[in-house]
Amino acid sequence: MKIESIHIEGFGHFTDRTFGPFSSPISVFVGENEAGKSTLLAFIRTVLFGYPARGRKDWYPALNGGRHGGSVTIRADDGRKYTVERIEDNRGVSLRILLESGAESRDENLLARLLGHSTKTLFEAIFAFGLFELQKLENVTKGEVEPFIYSAGMGVTNLPAVMKSLTADAEAVFRKSGSVQEVAKLLSQLEEVERKLKTAEGDAAEYGRLAQRRDEIAGEVKAQTEAIGIVDSALRELKRLQAAWDDWVRVNSLEAELSELPIIENFPEDGIARLQKAEDQLASAKESRDEAAIQLERAEERAQALVPGEALLEHEKTIEEIRGQRKRFDDSLRDLPKREGEVAAKEEEIAAGLRELGPGFDAEHLAAFEISAGVRADLDGWRKHLDETHAAAREAEHEVARARQALQEAAQAEEQARKRLETQGQPKLDAATIEARRADIRATRTQLNEYLRAKERREDREFQANQAPLSSPVGVAAASRWPALALGAAGLALIIVALMAGGAVAAIGVIGGLVLLVGAGAMYFTAQRAAPAGPEVPQTSAFDLRLEEARRAEESAQQALATAARNLGNGIPQPADLDRAEAELEPHAQAIRLWAELNSAAQAAREELERRSKRAEECAAAHTGATAKYESAVAGWREWLSVRSLSPSLMPDSATAVFGDIRALKEKLGQLAEARRRVDGINANIREDAERVSGLAVRHNVAVRIDDPASVVRAADELVARFDAARKAADRREQACAEAEAARERLEKLDRRFAVATESITELLQLGQAVDAEEFRHRADTYERRSHASAALRETELRLQKLSGPGEAYACFRQQLAASSPQEFEPRIADLQAQLQELDAKRQDLQREAGSVDSELGRLVSDEHASEWRAERAVLVEQLDECARRWSKLVIARSLLERAQKKFEQERQPAVIREAGSVLATVTGGRYTRVATPLGGEAIVVATTAGQVKTPEQLSQGTREQLYLALRFGLIQQFAQQATNLPVIVDEVLVNFDQARAQRAAQAFAELSETHQVLVFTCHRYVADLFQAAAPNANVIELGGAQPRRLID
Amino acid sequence: MGLRFVHAADLHLDSPFLGLGTKAPPHVGRKLLQATFEAYDNIIRLCIAEGAEALLVAGDIYDGADRSLRAQLKFVEGLKRLDEAGIRSFICHGNHDPLDGWEARLAMPASCHRFGRRVEAVSFDPASPQRATVYGMSYPTQNVRDNIARTFVRADDAAFAIALLHCNVGSDTGHEPYAPCTLDDLAASRMDYWALGHVHTRAVLRPSRPAVVYPGNPQGRHPNELGARGVYLVDVDDAGRVSLQFHAMDAVRWAAVDVSINRLEDEQALLDRVDSQLEEALGASGGRDLVCRVRLSGRGALHEWLQQRSTTTDLLGHLNERWAERKPFAWCERIEAATRPEFDRDRALQAGDFLSEVLAIADGLRSSPEALATLEEQLEPLYGHDRARRYLRDRTLSPDALRELLHEAEAECVERLGEAAS
């Protein structure tokens, strides 16, 4: 296969760049460092074998734009041309193979076939390599060099590392005698779990033993329980006899007692108690009946008694009225004199008040006098009106006085102003005259300035005209510069000499030199300034013309000045004259300003006098009006007073006080009328009460005098007392009647009860078949004793039957009792109880043991540990299996690699080594003639012509690189035999070779180029020359200088 | 009058779960320890709820070698509950719980019949012996290699005959060939229903005359024992026709999550795929907890990432954080990354380079038993190791196992050699 041309669209810094066609079998790319040789190599690898992973050193982005990638056009072994294009964009990487026919394929397999199925690794290791790859072998430690070469030869540069990692990984899982590997750890854990499970098996055996023991205990407990049953039954029998003994004795005694008592049938129940109760009831009934008879008699007596003053009871209503008004009567009698006193005092107070108001006032007038709110408002109105009019009159009066004072002051001021004006007098010049003179002065001063400037100009021109013939030419000044320059040169020389002399002289010399230099400078610049600026020209006629012109201007100005100053007199004035004339005008101007001011002040004073005089007149008129208004108000007020019969001398304030007095008197009149009404009311009450008492007193013979209040009071009290006594007596009689009636009813009831009690005693005696109470009591006692004995017998027999059972069993039990002796019971019971206790203790021991056996069995049964351990064992076994599998895989993988390596070396290495030896002999000029692998070893050795054998480490670096190059030549040939002739691309592989060997190496490449296309990358021109020398048809391609690199993110 | 009974087998009470790649977290571990008991409890409940007249258990009730007291006690407890409910029980023992194995001294309820070392015939219903007879036999010892099915001879005139036996029908069951027999042997027996045990995957080998049935184990304990596990509720009508109704009894279910990495772009896509399968498995489990094995296969971009050991560990941790803590849980016991790189083997074989040599050698080893044997020798250090040997499942590697290992080793070589090329 051969690369015909390369087209880069975008790769590294290359953009849209084409290389080729490569017509020659050897193409040498020459370029400086960074010219793009490595980029080009990477490009070829990328297009043929695909993009490396992003970020790898041979991954080149399209730095300067363009689609990332490009194409390589190849000529295959079959002679056909293919253009292989590989582009990477957003959609990924696309491969396109263009065929000569124009057809297109994207089949990687086609490309793989074209490349002889070589891999990228193989290609990089054998066909496309640089100095780095050659030198890389140097860094590998001894013993690994050869495997590296072999693996490179096999297309797997990492084979040693892979072998090593497989071994390490496998040993991390398992080593035969290891203790820290995964398998060893798992085995330890498994054995630990097994040990625990063994314990659990022990538990199972324990369970069997315990289960058997549990069954045995159950049997023993059963036997014990039966024995206990027998003893317990005997004990119970004995205790039964013992418990029955007392009752048995009692039954016997009760049966004897009953046989002795007579038989009484049907005696009344509780006979004696009932008899006693009937007798008690009879006695009680008799006693109550007697007591009731006495009570009746006494009540009837009280019911017959008389009531004194019974007639008065009919007047209960009147008596109650007298009783009710009794307090009022007393109060009226007590209050009357006090109230009458109050009336008299009030009458006296009113009389005095009226006297104070004046003769026109009596009680009637007072009552009619109006002091309503309207009248009081009138009074307030008058007060206000009088105050206002009075105040207005007073104010007008004051205003008149103030106007007169002002008038007087204005008259004085006018007098003074007039006098000052007269004193000042009229000014001599008027204002217009002064202003005309000032205008003349200003005009004259202007013309004077014009004239003076014209005169000065004329004088300048005259001076210039006189100077013109004396001017020097420029050469004079130039000549004067030469001494300055000479002086400067002397200064400089002095400084140089002084510096060369050194020491103290040097300082003096330098200073002297500097002085000379400064002096020379000054001379030079002076000469320079004196030199004229322009070329020399004739000047006399021009000066004359300009002088004449100035003289004319001066004359014209002088005339204008004379015209302006004619009003000022004295011909041509000087500036001082004009200043003086201006100063003379100033006093006149001031006199005019003062007179005008005084005149204006006098005029103002006159006007003020007139204004104030008019004001004084207005004030006088206002005062007259105000006074008239006040007098009219006073007359109105007096009229108001007289209508109300009040003194005309009263002013509104004093009138208000009088109104207050009148109001007080009117209130007292009201109080007097009220007092009189109260006295009349009291007198009426006294009369009414006295009449009521005297009426009743006369009818019931009680002494009374109606006009004597004390008598009336006594009579009233007597009547009330008599009425109360009569009422009490009547009430007592009525109560006695009611009591007598009740006593009669009770007596009847008690008579009936007595009869019933008598009857019940008779009945009871009959029932008890007794003639009297004593016999009855005797029979009752006998009956009761018999009843008690029978009941006790029944009860005792029942208790015994409870112990024995009824019927036959009871009879049998009585026989047993009859045959027993109570003294035997206690010792026999004690004996049986001891036996029982012993048996029970033994049974309890067994039961406790059964409990603990059951609990232990329960524990064994519920113990989940064994289950957990079994689960754990299962997991560990699984993990062990997984480890074994992983280990096996690694071991087999390593075995596969070892077998492959061995086969590869056995079958392919000899040819490689042979070819390598031939190439090495060529390159070293016959110094080393052979490359070999000693039998059974993996190391490579080289042999000299003298037969000396050296390992690669014993060779110089250059020779060692030549050996590795030779090995690659061998491998290239080998690959060609098996697959295809891929192009060989080398990058700076000859730099460490001496010249002769480099030439021979180039020659070897030239020979290789007969079968393989060779692309050489170098930055050394001599390398290109070497290749051209070895192969004259070699094509040298200039890559140019370093390419600018664009920074990318 | 028809019959109704429940046919169960291979309870393996208190036997551990096998094949777990990692130790379960505590709550899962507890659940797994209880799972066989819960499944048995479900069977007892089913018998009572469905009004079955009897429970038939065809061997391997527990693993005698484990000497688990719990297993035996719980078993008897269940039978007692049946007894109290008036349900009879018929049991026989298999290779895992033979009669000569260790046994706790537990009293069986009166209504339970345990078959002995020889074939016996007992009435299905003692009150009405004419209804049916149950024939059965227990393994006297573990290693029963005789065809004992042939010793089952019908010798009664009852309406229906049931045979209860732990045996291996056919030769390719994937189980040890204990009490081997053929379907023809069973068909020739004149029995009406063969209630078999031993094979853990339920199978109706013959539907009638006689019906030959393996109910499978009621609780899967191995990654290969996937899906619903349970018992058959058997109804026999007056004419002797058998109808079978399967009832899932398992407390925890095994699920396989198989995901191919073909065309999976990134890790998230893989996780999404696994999540969706776990979700689906949980949805189909009827509220049961799940133990899952995730198998990743195929070729794709994720292969390299998955081949790092920490990847599967991290992935497993991540999945269990999400799925093992919920109720019901789906606990992943391991992730098997059996993926392959994007690799064209045929092309590589043609390349003429070192790798092609490796592949050619592997091919050579595969095709020659003698060459394979040389590999086995290399594995001797571990497989012949005194301590390790007794725990390894395969003490000698079969040619198939070696070939599989060879595949994996070859992939490993491709992987490692390719690292420099990538």
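Labels below follow one simple rule: chain letters A, B, ... track the order of the sequence lines, proteins then strands, and each chain is numbered from 1.
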Whatever's closer than 4.5 Å to a heavy atom in chain B on A:Arg113 counts as neither
Bottom line for B:Glu412: the part with an atom under 4.5 Å from chain A's heavy atoms is side chain
- Message: Are B:Glu404 and A:Arg885 packed together at the side-chain level, in the sense that at least one heavy-atom pair is separated by less than 4.5 angstrom?
- Response: yes
Taking every heavy atom of A:Ala893 against every heavy atom of B:Cys413, the minimum-distance pair comes out as O-SG, 3.4 Å
> Do other residues, nucleotides or ligands put more than 12 heavy atoms under 6.0 Å from B:Glu265 CD?
Replying inline: no
Scanning both residues in full, the closest heavy-atom pair of B:Tyr383 with A:Ala884 reads OH-CB, 3.6 Å
query = Is there a donor in the side chain of B:Arg70 and an acceptor in the side chain of A:Ser867, or the other way round, less than 3.5 Å apart?
reply = yes
Honestly, the part of B:Leu359 sitting under 4.5 Å from a heavy atom of chain A is neither
Okay, A:Ser177 and chain B: the region with an atom under 4.5 Å from a heavy atom over there is neither
d(B:Leu379 CG, A:Lys889 NZ) to nearest 0.5 Å is 13.5 Å
Here the pair of heavy atoms bringing B:Thr374 nearest to A:Arg899 is OG1-NH2, 3.3 Å
Value for CD (A:Gln879) from OH (B:Tyr391), rounded to nearest 0.5 Å, stands at 14.0 Å
Output for pair (A:Glu882 CD, B:Thr22 OG1), nearest 0.5 Å, gives 11.0 Å
field: Ionic contact status for A:Glu108 with B:Arg347, cut-off 4.0 Å
entry: no
Taken to the nearest 0.5 Å, the spacing of B:His407 NE2 from A:Ile892 CD1 works out to 11.5 Å
Q. With side chains defined as the heavy atoms from C-beta onward, is the minimum distance between B:Leu406 and A:Leu896 less than 4.5 Å?
A. yes
task: Starting from the C-alpha separation in whole Å, work towards a yes-or-no answer on side chain to side chain contact (heavy atoms under 4.5 Å, CB included) for B:Leu417 and A:Leu897.
output: CA-CA 10 Å; B:Leu417 291 173; A:Leu897 294 182; 3.8 Å; yes
Heaviest contributor of heavy-atom pairs below 4.5 Å to chain A, chosen from B:Ala411, B:Ala401, B:Ser68, B:Ala388, is B:Ala388
Most heavy-atom pairs under 4.5 Å with chain A, out of B:Val358, B:Asp14, B:Leu382, belong to B:Leu382
When rounded to the nearest 0.5 Å, the distance separating CG of B:Leu18 from CZ of A:Arg870 is 11.5 Å
Heaviest contributor of heavy-atom pairs below 4.5 Å to chain B, chosen from A:Glu868, A:Lys176, A:Arg873, is A:Glu868
Output for pair (A:Ser888 OG, B:Leu402 CG), nearest 0.5 Å, gives 8.5 Å
Smallest heavy-atom separation, B:Leu33 atom then A:Ala871 atom, equals CD2-CB, 4.2 Å
Report the C-alpha distance between B:Arg387 and A:Leu187 in whole Å, list the side-chain angles of each, state the deciding distance to 0.1 Å, and finish with yes or no for side chain to side chain contact (heavy atoms under 4.5 Å, CB included). CA-CA 7 Å; B:Arg387 287 167 66 203; A:Leu187 285 174; 3.6 Å; yes
Honestly, the part of B:Arg334 sitting under 4.5 Å from a heavy atom of chain A is side chain
Bottom line for B:Leu73: the part with an atom under 4.5 Å from chain A's heavy atoms is side chain
Max heavy-atom pairs within cutoff under 4.5 Å with chain A, candidates B:Leu32, B:Asp66, B:Leu375, goes to B:Asp66
Check your understanding: Quick one: are B:Arg416 and A:Leu166 in side-chain contact, heavy atoms under 4.5 Å?
Key -> yes
In terms of heavy-atom pairs under 4.5 Å with chain B, the winner among A:Arg214, A:Glu194, A:Arg894 is A:Glu194
Answer key: most heavy-atom pairs under 4.5 Å with chain B among A:Asp169, A:Val877, A:Leu857, A:Leu197 is A:Asp169
The interface call for B:Glu336 against chain A, heavy-atom contacts under 4.5 Å, is neither
From the list A:Glu872, A:Glu191, A:Arg175, the residue making the most non-hydrogen contacts under 4.5 Å with chain B is A:Glu191
